[in-house]
Protein chains: 2
Amino acid sequence: MRGNAAFLPISTEELKAIEAFRIGTRRVEAGGTVIEEHSRSPHLYTLYTGWAFRYKSLSDGRRQILSFLLPGDFIGLQDEFAEGQTHGVEAASDATFCVFERDRLWDLFHAQPKLGYDITWLAAREEKMIDDNLVTTGRRNAGERVAMLLMHLYRRAERVGMVRDGWVPFPFNQQHIADALGLSLVHTNKTLRRLQRMGLHKIDGGWLRILEPHALEALGDYFERPLRLVPLI
Amino acid sequence: MRGNAAFLPISTEELKAIEAFRIGTRRVEAGGTVIEEHSRSPHLYTLYTGWAFRYKSLSDGRRQILSFLLPGDFIGLQDEFAEGQTHGVEAASDATFCVFERDRLWDLFHAQPKLGYDITWLAAREEKMIDDNLVTTGRRNAGERVAMLLMHLYRRAERVGMVRDGWVPFPFNQQHIADALGLSLVHTNKTLRRLQRMGLHKIDGGWLRILEPHALEALGDYFERPLRLVPLI
DNA sequence: CGAATACTTGAGCTCAATCAATCACGGTGG
DNA sequence: CCACCGTGATTGATTGAGCTCAAGTATTCG
């Protein structure tokens, strides 16, 4: 995975420190729970392969997907300080993770400040993505929301080399999209249908293809910058 | 400020490192711009006194307030890696800030890994708050949104000792609230009015008082946990 | 005493929610 | 082989929460 051009190179020493920090790997199949909502996981993870997402629910069951996770994403920092009120993480496709012990995070910072810095970077980068999602649910209408999400997911997947012939794996159903965008299932379906009929994109058999990237970017008022290299923990 | 019971104590050595990291203070009056939207600020800040908020706009002017900032909040990490697409920060009341040089952040991590760890903590804590805001705009209705916001702001202000006789300073107008909650100005007004008529809260002359905290918590399905001590950079 | 800013309220409209079927499809058990 | 599910996608009809438009009412300030 470190061969991937999306990630920052790393020194041998740092790599060793990461290896020492890691306590194993974990495999979760599609639909499986990675971190239970409301429970503070003793582990941190890096997503290694597959798709996952973070979510939170209200007590009557309404669910909001907070962000989608792709290979390289670091998981679990947020509930470092949350007393019980934490997000859940679920695998959207079959997925594999590197597992770390939360209680040893400080040791890592202490031994390798550079890796601490990298983790902060990752946290800040994720916060930026959530900022964008917040603008979406707060101020974009249905068409804009869908356009924005499709471009966002496509660009991120592209970045970590998941595109094959213009298609990226898209293991989400319409309920996922609705929950991410703060829309109802039915209205999500109608909006998706509309954009697809307009020829902007295509979703088929668990794969997504963007047909009119510029139109989608303009509609969503969302332009992903060429992303800088990202550290990989 | 370090006397405030909300903040973690700190060693003399760390304090010295922070002092060295700080390059000055800055005063911004109510309504003034702290960080311009779309411009990467060369500085990081800690809010020292007053209220501020982070926001992002769509190109047609629709604005979303991302989070509110209170004394002790660390500002500017998010655009560490953002190419141009950054949030703006504005002072809601007269406010003062400690100013740090962004380019020396890594030096700080290097010299004092503990402070790096603290900054990561702060970043994770802020991300958690944005997660909550995202649930709000995505899945709560107008009444729930307002209830949630009022309790959230009150609890946080209470925590840093801004309550006087049950009142906290509330330098926001209804447009701010609307932009934070993803509602229109008019509907925000009507909802605020409704809750106030129900006797749940009172806003008067720039001060907020919570009359029925339990009712507001129940309505908003939002229960702030007793917060742990927070590091102060 | 205007002029500007913020708040308030009513009326009507619209986007998106809800309700209610229907359809497609891949199991799976008889 | 086929009837029978269960899940997810799709579509139409209806409803409603929140939007926009339009006026009015404080309040402050030069």
Side-chain angles (χ1 to χ4, degrees), chain A residues 29-32 53 58 60-65 90 92-93 136-150 169-198 201-208 219-220, chain B residues 29-32 58 60-65 90 92-94 136-150 169-198 201-208 219-220:
Chain A
E29 59 183 24
F53 59 90
L58 295 178
D60 65 359
R62 280 174 285 178
R63 182 176 74 164
Q64 176 67 40
I65 289 182
E90 185 177 316
S93 65
T136 297
T137 58
R139 289 303 185 203
R140 275 185 248 249
N141 65 31
E144 294 166 347
R145 293 185 200 202
V146 170
M148 185 280 191
L149 182 69
L150 293 178
F170 195 78
F172 306 107
N173 62 27
Q174 298 186 347
Q175 187 66 62
H176 289 125
I177 303 178
D179 286 344
L181 297 179
L183 296 171
S184 72
L185 174 60
V186 173
H187 199 59
T188 300
N189 174 283
K190 288 175 182 176
T191 307
L192 228 27
R193 225 72 256 297
R194 182 162 57 85
L195 298 195
Q196 185 150 341
R197 258 198 313 274
M198 289 165 66
H201 78 282
K202 201 165 236 200
I203 293 175
D204 189 32
W207 293 78
L208 163 70
L219 176 57
Chain B
E29 59 183 25
L58 295 178
D60 65 0
R62 280 174 285 177
R63 181 176 75 165
Q64 176 68 38
I65 289 182
E90 186 177 315
S93 65
D94 291 348
T136 296
T137 59
R139 289 303 184 202
R140 274 184 250 251
N141 66 29
E144 295 165 347
R145 292 185 201 203
V146 170
M148 186 280 190
L149 182 68
L150 293 178
F170 195 79
F172 306 107
N173 61 30
Q174 298 186 348
Q175 188 66 62
H176 289 126
I177 304 179
D179 286 344
L181 297 179
L183 296 172
S184 72
L185 174 60
V186 173
H187 199 60
T188 300
N189 175 283
K190 288 173 182 175
T191 307
L192 228 26
R193 226 69 258 296
R194 183 162 58 84
L195 299 195
Q196 185 150 342
R197 258 198 314 274
M198 289 164 66
H201 78 283
K202 201 164 236 204
I203 293 175
D204 189 31
W207 293 79
L208 163 69
L219 176 57

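No hydrogens, no waters, no symmetry mates; every other heavy atom, side chains included, goes into these values. Quick note on labels: first sequence line is chain A, next is B, and so on, each numbered from 1.
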Original post:
Which part of the nucleic acid does L185(B) contact within heavy-atom distance under 4.0 Å: base, sugar-phosphate only, or nothing?
Top reply: nothing
Subject >> Atom-to-atom span, CG of L183(A) to P of dT14(C) - whole angstrom >> reply: 20 Å
**OP:** Report the distance from atom NE2 of H187(B) to atom P of dT14(C), rounded to the nearest whole Å.
**Re:** 18 Å
Original post:
Between dT10(D) atom C1' and R194(A) atom CZ, what is the distance in whole Å?
Top reply: 16 Å
Original post:
Which whole-number value in Å describes the distance from R145(B) CZ to dA17(D) P?
Top reply: 14 Å
**OP:** Return the angle between end axes of the helix from dC1(C)-dG30(D) to dG30(C)-dC1(D), with five pairs used per end and rounding to 10°.
**Re:** 30°
Original post:
Base, sugar-phosphate, or nothing for G182(A), non-hydrogen atoms under 4.0 angstrom?
Top reply: sugar-phosphate
**OP:** Take atom CD of Q196(B) and atom C1' of dC7(C), then tell me their distance rounded to the nearest Å.
**Re:** 12 Å
**OP:** Verify the contact: side-chain N or O of Q174(B) to OP1 or OP2 of dT8(C), cut-off strictly under 4.0 Å; return yes or no.
**Re:** yes
Subject >> Value in whole Å for how far the C1' atom of dT8(C) lies from CG of L195(B) >> reply: 16 Å
Original post:
Considering all heavy atoms of both residues, which atom of I65(A) and which atom of H176(A) are nearest to each other, and what is their separation?
Top reply: CD1-O, 3.4 Å
Original post:
Looking for any heavy atom pair under 4.0 Å, which part of the strands does L192(A) touch: base, sugar-phosphate only, or nothing?
Top reply: nothing
**OP:** May I ask you to verify if any side-chain N or O of N189(A) is less than 4.0 angstrom from the OP1 or OP2 atom of dA9(D)?
**Re:** no
**OP:** Please state whether the phosphate of dT9(C), meaning OP1 or OP2, lies under 4.0 angstrom from any side-chain nitrogen or oxygen of R193(B).
**Re:** yes
Original post:
To the side chain of K190(A), which of dC19(C), dA13(D), dT9(C) is closest?
Top reply: dA13(D)
Original post:
Counting any heavy atom closer than 4.0 Å, what does N173(B) reach on the DNA or RNA strands: base, sugar-phosphate only, or nothing?
Top reply: sugar-phosphate
